[in-house]
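What follows is a set of notes on a single structure, which appears directly below.
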4 protein chains.
Amino acid sequence: MSNTKSTQRRRGRPQGDEVKIAILKAANELLEEQGLSGFTIDAVATRSGAARSSIYRWWPNRGALAIAGFLAETAQKIAYPATGSAVADIKSQLMRVAEVYGQKVGRTISALVAQGQSDPEALKALLEGYVLPRRDEAKKVLARGVANGELRAGIDFDVVIDALYGPIWYRILVPHAPLSREWAAALADHVFGGLMASPAAPEGVVDAAGSTAPPPARRRAARRAVPQNPPSRGS
Amino acid sequence: MSNTKSTQRRRGRPQGDEVKIAILKAANELLEEQGLSGFTIDAVATRSGAARSSIYRWWPNRGALAIAGFLAETAQKIAYPATGSAVADIKSQLMRVAEVYGQKVGRTISALVAQGQSDPEALKALLEGYVLPRRDEAKKVLARGVANGELRAGIDFDVVIDALYGPIWYRILVPHAPLSREWAAALADHVFGGLMASPAAPEGVVDAAGSTAPPPARRRAARRAVPQNPPSRGS
Amino acid sequence: MSNTKSTQRRRGRPQGDEVKIAILKAANELLEEQGLSGFTIDAVATRSGAARSSIYRWWPNRGALAIAGFLAETAQKIAYPATGSAVADIKSQLMRVAEVYGQKVGRTISALVAQGQSDPEALKALLEGYVLPRRDEAKKVLARGVANGELRAGIDFDVVIDALYGPIWYRILVPHAPLSREWAAALADHVFGGLMASPAAPEGVVDAAGSTAPPPARRRAARRAVPQNPPSRGS
Amino acid sequence: MSNTKSTQRRRGRPQGDEVKIAILKAANELLEEQGLSGFTIDAVATRSGAARSSIYRWWPNRGALAIAGFLAETAQKIAYPATGSAVADIKSQLMRVAEVYGQKVGRTISALVAQGQSDPEALKALLEGYVLPRRDEAKKVLARGVANGELRAGIDFDVVIDALYGPIWYRILVPHAPLSREWAAALADHVFGGLMASPAAPEGVVDAAGSTAPPPARRRAARRAVPQNPPSRGS
DNA sequence: TACTAACCGAGACGGTACGTCAGGTCTTGGT
DNA sequence: ACCAAGACCTGACGTACCGTCTCGGTTAGTA
């Protein structure tokens, strides 16, 4: 990024990465420990041993610093497993995410989202630096699942990801009950398995509620593959 | 509520409702229009015509005022429909929620959640004043669905509600894509209908990942026998 | 005061003095105990058991209340003695004033003066209600002294009173050292007796500085009798 | 004072004196023009062009600022003259003080004293920063007068200073009549010259009231009449 | 004896200033 | 050129009193 050619040295004192790293580390720790309220530029400066001006030299404001700290330190810790089954991979990763987000990372993420509500740049950075890349990853796994035949062909990946991961973010932001692996497992089962006792109901709902976007293609494919699959909505 | 008998008048000058109402109205408008950043006690005072001290007389801090404004003005605007079908009711309400939250109410709610991340009281107020009551309402509808035979008996209402509403909150807080009725309809269909191409998969996942709450029996049974089998999980 | 003829009774409930008295008492106590900073309308109301509005019904603001409390409760406690000698009366009263002002009354007076600096009405009330009447009293005693032949005929009573009582007020307002009877006695002696070793000096000063009020009588007597005697204290 | 060696530079941005000076200047002007009531931190900030936070960085509260403004701007304007005669010096300085205090400085000082009545720190600062140093100066002049033989050896400097300057402070704080050079001259004459028509009276009083500080100049005259009266304080 | 106007307690209300805190900018001197 | 230190301006926070006002309840003299 800011590197010129390595042969071409700039004048003056070269930038020591230690300062930057110390700042990011301190930022991340504060975010984990105290959330947004304790995350003060001054606090970061004090903890890192850096000066406030050094922070502002590299990041334009506290939102940017928060995101940067998160991305540098925490973001990449949750990787997808890669077994044979896409569904199994997703489910186990979902459980792991629920577990991890239930701890310090959750505090951090909720702080970042909160910051984003009054700081469009921070929101954008969070989206582009974390949310969207991870959604892309998830989509790849889902695509593998479709290719495998584990999942129906017509599913809308974005909707599925929202259905799987949305509840987790919801629970860390609106903590009406703690996150747990068990809850995540149940969530995955519900989403993958459906809830209906009788397959006929949804269509009625769709008609009744005026839905304009019935997903028929999937259904047909599904019908082929699982002939006696009763939840055929159209039938 | 906190009134003693109506015959028992309180001493002192009675509170003029106009002021309180004007304050709440102004608070709500500011929250809708500008989110958290524009939501200042001073701004509320100016817009409402009240004095700052009058605001602080009734609400201890800005978080409490934000919640109160939302609850007083906006919260009750989204009611459940009550047709015959529980599932249809939920789905159509979900779509309506998605629609409404996609507009000004969404800004307000996201601001409130953000505020809650650094203000435990505000978070508590939001939960107790809005989230939990609405979840209870939803649970009643779900229970009706189970009683109807529309839904399986074994489902965990909290998980279902998380699966249905979590994604909406997620999307207003992390707006990677706009909310829409269609998206909500698709979401409902996914959750109610499931995603699996083959119903066998989840169990494998469950086994692999150590889930303790697999809902397999129903589906197999349903597939076989189908109709109004209400196999309660506990049985 | 605001009474119309005593025969002409007004309709309605007459004013009960208890409330007024309780208010004044509380006001005075607060002033004595805590000075200006603790003297709050609210504090007075609470301590007296009266309502704030009752206070404002009778006194226009806190300054007026402070003065009224002082005048009603404390002011008249210091009376002049009346022996034969005017000088002795003044001196003993000065000592008594110093003693009394050194205690709670001093706190009260200093608070009132302080209040007066930012409240012209209060200052005026203090002057007219306390300071000037007492100065008039003192002037009478001084006049008696002149009539007696105890004091020179040409003295300016206002200047004398300033010289005698000014230092007391100065010491309670600028407490560089505590008030005491001894100090007051020394003060009286200095003022009544003068400080000069040689009586010639003042005239020179007077001439040089343009004084318009030379006190010649005493000096002449002194000049005659006691030339350059430098009576050391230790002798 | 607080400087370490000049070679030892402090880190960080050095303080720009302009800001501090502008603040003190504004503070002083406000005090002169409007007294305590107009002396608001906000007003000082506005007039000086500085920020409120800059004021609070250097002074802990409004009392401290008031004192500082006075000491920095006004306090040193009144110096003692230094002619041969101590008495003449004191008298002419007293007249000058009366003249000066009768104008803007008087407003300032009365405001400071008033502030001091509810702010012990401010009172202490006024005493230590202004009152006591000036009293010390006056004592030096008085000592010179004693050395000269102009003044009696036994006089208590503190009492004399109270007698001379107390009335001035009294008059600016309790302005029953305006200050003037003439009044000050008369005051000086009274104090230096005494008031008694006959020198005998005070002793009676002294004895009766237990005074321990008899005024001797008069005594010389008295010595004739009451020769062996040795009311030496030390005995 | 009933009326009725003033008294009284309570407290809502619009204001103003306080002192605190954080954010973000700028200016030094040192390395 | 980078960095620590910290002065500086801005603006919101929550608190404390002020003085005004509007209620409901009470009470003593009058009709």
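Throughout, protein chains are lettered first and strands after them, A, B, ... in sequence-line order, and every chain is numbered starting at 1.
For A/Ala50, taking side-chain heavy atoms from C-beta onward, the closest of the listed nucleotides F/dA4, E/dG9, F/dT10 is F/dA4.
F/dC3 atom P lies 9 Å from atom NZ of A/Lys20, rounded to whole Å. Rounding to whole angstrom units, CD1 of residue B/Ile55 and C1' of E/dG15 are separated by 13 Å. The distance from atom CD of A/Glu121 to atom P of E/dG24 is 12 Å, rounded to the nearest whole Å. In this structure, the CD1 atom of B/Ile21 is 11 Å from the P atom of E/dC13, given to the nearest Å. Distance, B/Ile23 CD1 to E/dA12 P: 12 Å, rounded to whole Å.
Applying the side-chain hydrogen bond (donor to acceptor under 3.5 Å, both in side chains) test between D/Glu33 and each of D/Arg47, D/Arg107, D/Lys104 identifies D/Arg47 as the sole match.
B/Arg57 has a side-chain polar atom (N or O) that falls below the 4.0 Å cut-off from OP1 or OP2 of E/dC13. Taking only side-chain nitrogens and oxygens, D/Ser54 never comes nearer than 4.0 Å to OP1 or OP2 of F/dA7. Residue D/Trp58 has no polar side-chain atom (N or O) positioned under 4.0 Å from OP1 or OP2 of F/dA7.
Nucleic acid contact class of A/Ala45 (heavy atoms, under 4.0 Å, all strands): none.
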Base-contact (B) and sugar-phosphate-only (S) positions in nucleotides 11-17 of chain F, heavy-atom cut-off under 4.0 Å, - elsewhere: -BSBB-S

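Here D/Gln115 contributes atom CD and D/Phe70 contributes atom CZ; the two are 14.0 Å apart, rounded to the nearest 0.5 Å. To the nearest 0.5 angstrom, B/Leu36 atom CG is 8.0 Å from B/Ser110 atom OG. Taken from CD1 in D/Ile67 to CG in D/Asn61, the straight-line distance is 10.0 Å, to the nearest 0.5 Å.
Inter-residue side-chain proximity for D/Leu31 and D/Leu112 is flagged as met; some heavy-atom pair is nearer than 4.5 Å. With a 4.5 Å cut-off on side-chain heavy atoms, A/Val19 and A/Ile23 count as touching.
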Derivation of the side chain to side chain contact (heavy atoms under 4.5 Å, CB included) call for B/Gln34 and B/Phe39: CA-CA 7 Å; B/Gln34 313 191 25; B/Phe39 182 76; over 6 Å; no

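Across the interface with DNA chain E, nearest-nucleotide mapping of C/Ser48 and B/Ala51 shows C/Ser48 to be the residue nearer the 5′ end.
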